[in-house]
Amino acid sequence: MVYIALPDEKTRRLSFYLAMEEYVARRLNTDDDCFFMWQVRPTVIFGRNQLIEAEVNLDFCRQKAIETYRRKSGGGCVYADMSNVMFSYITRDEEVNFTFNRYINMVTLMLCKLGVEAGSSGRNDILIRETRNEEREARSEEQGASEWRKVSGNAFYHIPGHSIVHGTMLYDTCMENMVGSITPSDEKLVSKGVKSVRQHIALLKDHIDLSIDEFKAFVRRNLCDREIVLNADDIAEIEEIEREYLTDEFIYGNNPRYSLVRKARIEGVGELEVRMEVKNDVIKAVNLVGDFFLVGDLDTQVLRRLKGAKLTRESLENALPERLDDVVRNLKREDFINILINNNITT
């Protein structure tokens, strides 16, 4: 695998690194898998299908000078700062589920080489097992914490000819910012939230004897065998791609009010919120938001098909494709129809 390096150590906005992924995928002429790491100033990044006002505490972010950006992959809201490391992986393999699993296994194996007991869980998490010594045993007993804790969350999306995976690696982080940027900024709630979140996440610094820079060097040595250094022309093209990520239209989206909202959480899929404009029991407009992962074209394969359909099981079955897991990862058509007609779902 080839490491994609920048010509300087400048810290850039998160939107630049998202654009850099696209540039590598669309315009860098290499058949090799590509990888790079990056760090950012305090930033919240929310998923492609999420509503910023529902996921991000904008007042807290303004007070703490925390930047906010949308990404093109699905999944949930993430906080990042200079104390953790972000990974980007780009491959020509277009089978996103296979690519995603391969990436998760690659990172998990790398952590195991550091002597950390690591594994994967759920849709997109990498977990590490807490080291059992007296101090941690006492802490775990006091907090009621699980022995396995999340150290990395990951997301992916597909563009023609390539798949892109990116994720966090929690070396360390500001817990107050992590919790406050996505929860109410009331001091008591933040304090309670920090304690709650800390029970479920692991900080890598507590499990290895490497500094953050030494850890990054280890990752690079173990995952990559050669390097491509981008030049000034490459940077200019990345900045051109970045413009889209900085537009209000991309960040905030177009979210009109809908007359009917249906919500559900499905194990292995995520949170789904269907917003519909319905007249005389006919769907006139529809949108789907949440932290799910897309593996196909939601608009053409699902949303457009629903417009004009009646809000009945028979009409919805006729409108929707036979398999929805080709569009939304792990989503069954029956479960989606049950959400639309407000029936209990089977998970």
Side-chain angles (χ1 to χ4, degrees), residues 1-6 9 11 14 17 33-43 45 75 78-89 100-155 165-179 194-227:
M1 184 158 61
V2 59
Y3 190 86
I4 309 299
L6 290 166
E9 297 294 327
T11 299
L14 184 142
Y17 300 105
D33 289 351
C34 297
F35 176 81
F36 62 92
M37 291 175 284
W38 40 286
Q39 293 162 274
V40 291
R41 295 179 291 270
T43 302
I45 176 173
V78 174
Y79 170 80
D81 57 31
M82 293 297 292
S83 294
N84 57 41
V85 184
M86 310 295 281
F87 291 171
S88 291
Y89 172 66
F100 189 61
N101 291 332
R102 182 174 62 189
Y103 168 82
I104 294 291
N105 290 336
M106 178 179 73
V107 175
T108 299
L109 179 60
M110 180 272 297
L111 290 174
C112 289
K113 289 180 179 178
L114 278 169
V116 177
E117 189 173 355
S120 60
S121 176
R123 299 177 304 146
N124 62 328
D125 295 341
I126 295 174
L127 310 179
I128 60 178
R129 189 191 291 271
E130 282 285 347
T131 304
R132 309 307 289 174
N133 58 33
E134 289 184 8
E135 180 182 351
R136 285 189 179 137
E137 288 229 10
R139 185 178 68 193
S140 294
E141 204 172 295
E142 178 186 346
Q143 295 176 340
S146 169
E147 194 174 9
W148 288 89
R149 297 185 184 182
K150 178 177 176 178
V151 75
S152 172
N154 303 276
V165 185
H166 42 213
T168 61
M169 182 56 67
L170 277 172
Y171 179 86
D172 193 7
T173 195
C174 175
M175 294 297 301
E176 182 182 348
N177 281 354
M178 174 186 282
V179 173
V194 167
K195 292 178 182 177
S196 176
V197 170
R198 192 64 184 93
Q199 291 177 21
H200 297 95
I201 69 167
L203 299 178
L204 195 57
K205 69 171 187 176
D206 295 333
H207 297 264
I208 61 175
D209 295 324
L210 302 177
S211 69
I212 193 167
D213 288 333
E214 291 170 336
F215 168 70
K216 289 165 61 180
F218 178 89
V219 173
R220 187 164 170 174
R221 285 195 310 269
N222 277 268
L223 298 186
C224 302
D225 52 19
R226 70 184 187 95
E227 174 185 85

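Taking the side chain as every heavy atom from C-beta outward, Lys216 and Gln39 approach each other to under 4.5 Å. A 4.5 Å side-chain heavy-atom check between Leu6 and Trp38 finds every atom pair outside the cut-off. Side-chain contact between Tyr89 and Met106 is present, with heavy atoms from C-beta onward closer than 4.5 Å. Side chains of Ile212 and Asp172 form no contact here, defined as non-hydrogen atoms less than 4.5 Å apart. Using a 4.5 Å heavy-atom threshold, the side chains of Val219 and Tyr3 count as separate. Side-chain contact check for Lys205 versus Phe215: every heavy-atom pair is 4.5 Å or farther apart.
For residues 34-43, the salt bridge (charged side-chain N to carboxylate O under 4.0 Å, His left out) pairs, not counting sequence neighbours, are Arg41-Glu67.
When the side-chain contact (heavy atoms from CB on, under 4.5 Å) test is applied to Ala80, the partners found at least two apart in sequence or on another chain are Val40, Asn84, Met86. Remark: Asp81 pairs with no residue by the salt bridge (Lys or Arg N to Asp or Glu O under 4.0 Å) rule, at least two apart or across chains.
Rounded to the nearest 0.5 Å, atoms CG (Leu204) and CG (Leu210) are 8.5 Å apart. Here the CG-NZ distance, from Asn222 to Lys113, works out to 5.0 Å after rounding to the nearest 0.5 Å.
Using a distance-only test at 3.5 Å, with no hydrogens or angles considered, a donor-acceptor pair links the side chain of Asn124 to the main chain of Asn154. Side-chain atoms of Thr168 come within 3.5 Å of backbone atoms of Gly153 as a donor-acceptor pair (strictly under, hydrogens ignored).
Checking each of Leu127, Ile201, Leu111, Leu203 against Val151 for a side chain to side chain contact (heavy atoms under 4.5 Å, CB included) leaves exactly one that passes, namely Leu111. Under the side chain to side chain contact (heavy atoms under 4.5 Å, CB included) test applied with Val165, the options Tyr103, Phe87, Phe35 reduce to a single match, Tyr103.
Asp225 CG: more than 12 foreign heavy atoms inside a 6.0 Å radius.
Here the shortest heavy-atom pairing between His207 and Ala202 reads NE2-CB, 4.1 Å. The minimum heavy-atom distance linking Trp148 with Gly119 is given by the pair CZ3-N, 3.8 Å.
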